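In this text, all values refer to a predicted model and were calculated from it rather than measured experimentally. A, B, ... follow the sequence lines: proteins, then strands. Residue 1 opens every chain.
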Amino acid sequence: MALPYDSAPKFADYARPEMLVTTEWLAEHLDDPGLVVAESDEDVLLYETGHIPGAVKLDWHTELNDPLTRDYVDGAGFARLMSDRGITRDTTLVLYGDRNNWWAAYALWVCTLFGHPDLRLVDGGRAKWVAEGRPLTTDVPQRPRTDYPVVERDDTTIRAFRDQVLAHLGQPMIDVRSPGEYTGELLHMPDYPQEGAVRGGHIPGARNVPWARAAAEDATFRTRKELEAIYAGEVGLRPDDDVVVYCRIGERSSHTWFVLHYLLGYPHVRNYDGSWTEWGNSVRVPITRGENP
Amino acid sequence: MTSVTLGPRLQEIADDFAAMPGREKLQLLLEFSRELPPLPERYAEHRDLLEQVPECQSPLFLAAEVSGDDTVHLFFEAPPEAPTTRGFAGILHAGLDGLPADEILDTPGEFSSQLGLQELVSPLRLRGMAAMLARIKRQVREQRPARPGG
């Protein structure tokens with residue numbers, strides 16, 4: 001049984017209000033049957049320091065990726081993971097995390113590849129829950145194991161591969177990395193180590209909108225009006241545009257994918273998870289350097 | 001895996017990590033993050049005396065002091081919302097604080113690979129720990145007077 005949607009007035013303006021819940025809503029529904037809360041953080045130890053009572057952990061680094069091939073887990077692997085966390089296909093799976101829900105949005109995007117029917121993000125994520133002084137616990141819940149079905153991953157709808165991006169050149173594309181990475185001045189995120197892109201710059205034609213511009217100071221999403229000012233106003237996206245988003249490995253761009261698709265209602269948005277660590281190393285793909293798209 | 005020679009305290013830490021199965025290693029890392037001592041006043045009030053380690057994925061600042069007896073004291077600051085980075089700093093503090101400068105300079109840069117954390121923590125983060133050690137060594141070298149013959 002899906003849980004009721006959060007009727008917060010701010011959400012009503014978004015294209016898909018049911019994709020978000022407030023911290024208030026979550027606090028009220030924590031004990032509801034049919035709900036599983038999952039934390040996904042950039043810092044893989046943060047969950048262990050304390051998490052929302054009852055929340056399970058989804059580790060982007062060790063659990064969502066295939067250990068050998070650069071790819072996500074397959075249908076069987078995803079079913080094992082969900083079963084282990086006590087999640088069924090009917091579960092309302094509510095995700096939250098650190099850093100403006102950066103990794104929670106990534107986990108949500110991966111869960112969407114497997115078509116989990118009811119996924120939601122906590123607006124403001126971990127930071128807002130903590131700032132409001134809401135309870136945290138270090139108790140790890142023991143949910144009874146479930147039998148999540150094996151669903152094959154759908155890579156055709158919200159995921160883009162390198163050759164598809166090559167074919168997409170000239171159409172709308174958003175590079176969500178920092179300005180320095182976009183221009184090619186930096187080969188990595190500011191303050192982060194270099195992680196193996198040979199060339200700096202961006203995919204020709206991509207516009208630069210750093211992902212965190214979609215988040216307000218308190219880590220919640222900006223209002224629909226504010227988001228429209230950025231993506232429709234500054235970037236000039238049109239409602240029926242086919243959009244590709246990318247970053248370094250596809251995590252920051254999952255956040256922008258969520259914003260464009262669910263909050264602003266763009267129907268065709270794909271995340272290129274190969275992103276700069278693939279493009280910046282690929283032989284004979286075109287690169288643009290500097291501030292111009 | 002090839003092993004490198006560690007000082008006895010760091011070796012003990014590496015052994016403790018090696019003895020922990022899978023995810024329990026994270027609990028041990030969490031303990032180190034909790035045991036990282038707070039900054040003494042002279043640094044807490046003068047954070048500009050600390051050096052940032054930009055290779056870490058979260059803000060991490062450190063200082064190494066070489067005392068008159070040539071032992072080294074280490075000071076770290078990392079925010080509570082960055083427990084992995086704090087845990088790495090905690091390991092370095094528990095393994096190296098108070099040791100003679102020579103022992104610190106002899107610590108192999110790749111020792112973090114002996115903790116068995118690669119499968120749990122991304123390689124990027126582990127490189128952050130190596131970067132902390134590299135900066136500690138540089139600070140130690142800068143503070144020691146030049147020695148004849150080496």
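Minimum heavy-atom separation, A:Lys57 to B:Leu26: NZ-CD1, 3.5 Å.
Only the side chain of A:Asp59 comes within less than 4.5 Å of a heavy atom of chain B; its backbone N, CA, C and O stay farther away. The part of B:Arg34 that comes within reach of chain A is its side chain, from C-beta onward, which places non-hydrogen atoms under 4.5 angstrom from that chain.
Separating the CG atom in A:Leu45 from the CD atom in B:Glu81 is a distance of 13.0 Å, to the nearest 0.5 Å.
Counting non-hydrogen atoms of neighbouring residues, nucleotides and ligands closer than 6.0 angstrom, the CD atom of A:Glu291 reaches no more than 12 such neighbours. Atom CD of B:Glu12 sits in a sparse spot, with 12 or fewer heavy atoms from other residues, nucleotides or ligands closer than 6.0 Å. Few gaps surround CD on B:Glu142; more than 12 heavy atoms of other groups in view lie less than 6.0 Å from it.
Residue with the most contacts toward chain A among B:Ala82, B:Ala131, B:Pro80, B:Gly87: B:Ala82 (heavy-atom pairs, distance under 4.5 Å). Annotation: maximal heavy-atom pairing with chain B below 4.5 Å, among A:Asp41, A:Asp98, A:Val44, occurs at A:Val44.
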